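Down below is the structure, laid out as structure tokens.
Predicted, not measured: the structure shown is a model, and the values here were computed from it. In what follows, chains carry the letters A, B, and so on, assigned in the order in which the sequence lines appear, proteins first and then strands, with residues in each chain numbered from 1.
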2 protein chains.
Amino acid sequence: MESAESPSKRAPAAGRGNRMRAAVLEATLAELTESGYAALTVEGVARRAGVHKTTIYRNWKDSDGLVADALAGHFATDIPIPDTGAVEDDLRALARSLVAAMTTRAGRALLTTVLSDAARLPRFAEVKHALFEDRFRRAEPVVTRAVERGELPADTDPAELLKALAAPIYFRLVFTGEPVDEATADRAARIALAAAHAGALPAT
Amino acid sequence: MESAESPSKRAPAAGRGNRMRAAVLEATLAELTESGYAALTVEGVARRAGVHKTTIYRNWKDSDGLVADALAGHFATDIPIPDTGAVEDDLRALARSLVAAMTTRAGRALLTTVLSDAARLPRFAEVKHALFEDRFRRAEPVVTRAVERGELPADTDPAELLKALAAPIYFRLVFTGEPVDEATADRAARIALAAAHAGALPAT
DNA sequence: CCATCAACGCAACTAGGAGTTGCAATGGAG
DNA sequence: CTCCATTGCAACTCCTAGTTGCGTTGATGG
């Protein structure tokens, strides 16, 4: 998404903008974590970043673009895809990775932000999509391998199984507010596996 | 939660305040549905309700109290508890009721509001609790009856089963944005049932 | 090493919502 | 029909969004 170079002109000062950008995005995440999306102010971010608000407005279209950038950066780290040779272990590993990523203070707050009504903005929808669709697609081999090994019914839908795995974890995180730990992850794996074995997750 | 009567004074004009209150709460829901929580303004609500903003400030502590009241009112309608004699039918009925309640435009928008960072305020936490804990508790007989009939393992945790039922539905609603219909409800019932039969939902 | 110019700092705006206050208008209970 | 609680209204203060013009700075090419 970076703009093309204009070779006739002098190169724009390289490190300065990047430092500023990093400071602002970090400050945005911190503000979101502490106060939430509805309470976010550009001036607050500017103060925390040690930057003037005009600088922010010159680099981001509006505060939503800023938040979207910050979230995209934070959730850019991919979850490792396990391959132990046993579905149950793989699913448990996936679930535990998810739990670990979402139980940090920042993870919770930023998840909340992604789910807030900001989600009606296209930029946020993209971040959300990357978080819940693309990530899941990357993990699908875990299921297809298990099917090939004969551990799961042949018509098991990989995406559906992964959603059945993630749903109980996100549900506790976001809705009931109950503690979420490795036991939660293991239980989610057990539920998803039971559903798959029972043939409750057929490809449509 | 109504204030105690003061018998020595004249009775406060009865119908007026109630009409105003209803108009304001309805306007609040409409604004939330259209624009979301972050974009909500007291003046906007006042305009839509045909009321002056001072009136709102005199009747509600702040805009959060207003939103909390509106949400509590909207979600006050309870879901009917089925008792068909067969767990599978009961669970399907519960799931379908949930889907019906949450797939209206207002239902989606208000669910989003409950999940927004407004949730860090105590008033919203109460609404959320009523929505996700109390409701579930009311539905627990569906599970206990099934256990008594021998349809489910004796150590099945009612709350866990109901959460396993609701989780996939909410997950699609809130996270992936996929369409949610009766087929989704039926699949959720199948997943929850498979997990229960497999003994994956034991009481802790 | 240093001049240059893009990017940043800064002040001063406009616009609008949050939340408050004093007073006038009104409508419902008695 | 009267009275007074409640609402309408205007005029505030304070804060943030977002913009503009100009002065300042610092990284880079020469």
Report summary line: Judged by nearest nucleotide, the residue sitting upstream toward the 5' end of DNA chain D, A/Arg58 or A/Arg47, is A/Arg47
Requested in this report: Determine yes or no for a side-chain-to-main-chain donor-acceptor pair under 3.5 angstrom, with A/Thr113 supplying the side chain and A/Ala109 the backbone.
Outcome: yes
Query raised in the report: Roughly how many Å is it from CE in A/Met20 to P in C/dC8, rounded to a whole number?
Result: 4 Å
Requested in this report: Map B/Thr54 and A/Lys53 onto DNA chain D by nearest heavy atom, then report which one ends up closer to the 5' terminus.
Outcome: B/Thr54
**Report entry** Aromatic ring pairing B/Phe175/A/Tyr170, orientation class (parallel under 30°, perpendicular over 60°, tilted between)
**Finding:** tilted
Report summary line: The residue, B/Ser63 or A/Asn59, whose nearest nucleotide of DNA chain C is more 5′ is A/Asn59
Query raised in the report: Taking CZ from B/Arg21 and P from D/dT7, how many angstroms apart are they, rounded to a whole number?
Result: 11 Å
Requested in this report: Write down the distance between OH (B/Tyr57) and C1' (D/dC12), rounded to a whole number of angstrom.
Outcome: 14 Å
Query raised in the report: Once you round it to whole Å, what is the distance between P of C/dG27 and CG of B/Asn18?
Result: 17 Å
Query raised in the report: Over how many whole Å does the gap from B/Glu43 atom CD to D/dA10 atom P extend?
Result: 13 Å
Query - Atom-pair distance (CD1 on B/Ile56; P on C/dG17), nearest Å - result: 13 Å
Query raised in the report: To the nearest 0.5 Å, how far apart are CG in A/Leu193 and CG in A/Leu165?
Result: 9.5 Å
Report summary line: Residue pairs meeting ring-ring contact (aromatic ring centres under 6.0 Å, His included), one or both in residues 180-204 of chain B, sequence neighbours left out, come to none
Query raised in the report: So, the side chain of A/Arg187 versus the backbone of B/Pro202: is there a donor-acceptor pair under 3.5 Å, distance only?
Result: no
Query raised in the report: Would you call B/Asp64 and B/Arg123 a salt bridge, taking side-chain N to carboxylate O under 4.0 Å as the test?
Result: no
Query raised in the report: Reckon A/Asp64 touches a base, only the sugar-phosphate, or nothing at all at heavy-atom distances under 4.0 Å?
Result: nothing
Report task. State whether B/His52 places a side-chain N or O below 4.0 Å from either non-bridging phosphate oxygen (OP1 or OP2) of D/dC9. Result -> yes
Report summary line: Rounded to 10°, the angle between the first-five-pair and last-five-pair axes of the helix from C/dC1-D/dG30 to C/dG30-D/dC1 is 30°
Requested in this report: Report yes if a side-chain nitrogen or oxygen of A/Arg19 is closer than 4.0 Å to either non-bridging phosphate oxygen (OP1 or OP2) of D/dA27; otherwise report no.
Outcome: yes
Report task. Give a yes or no on this: more than 12 heavy atoms of other residues, nucleotides or ligands lie within 6.0 Å of atom CD of A/Glu26. Result -> no
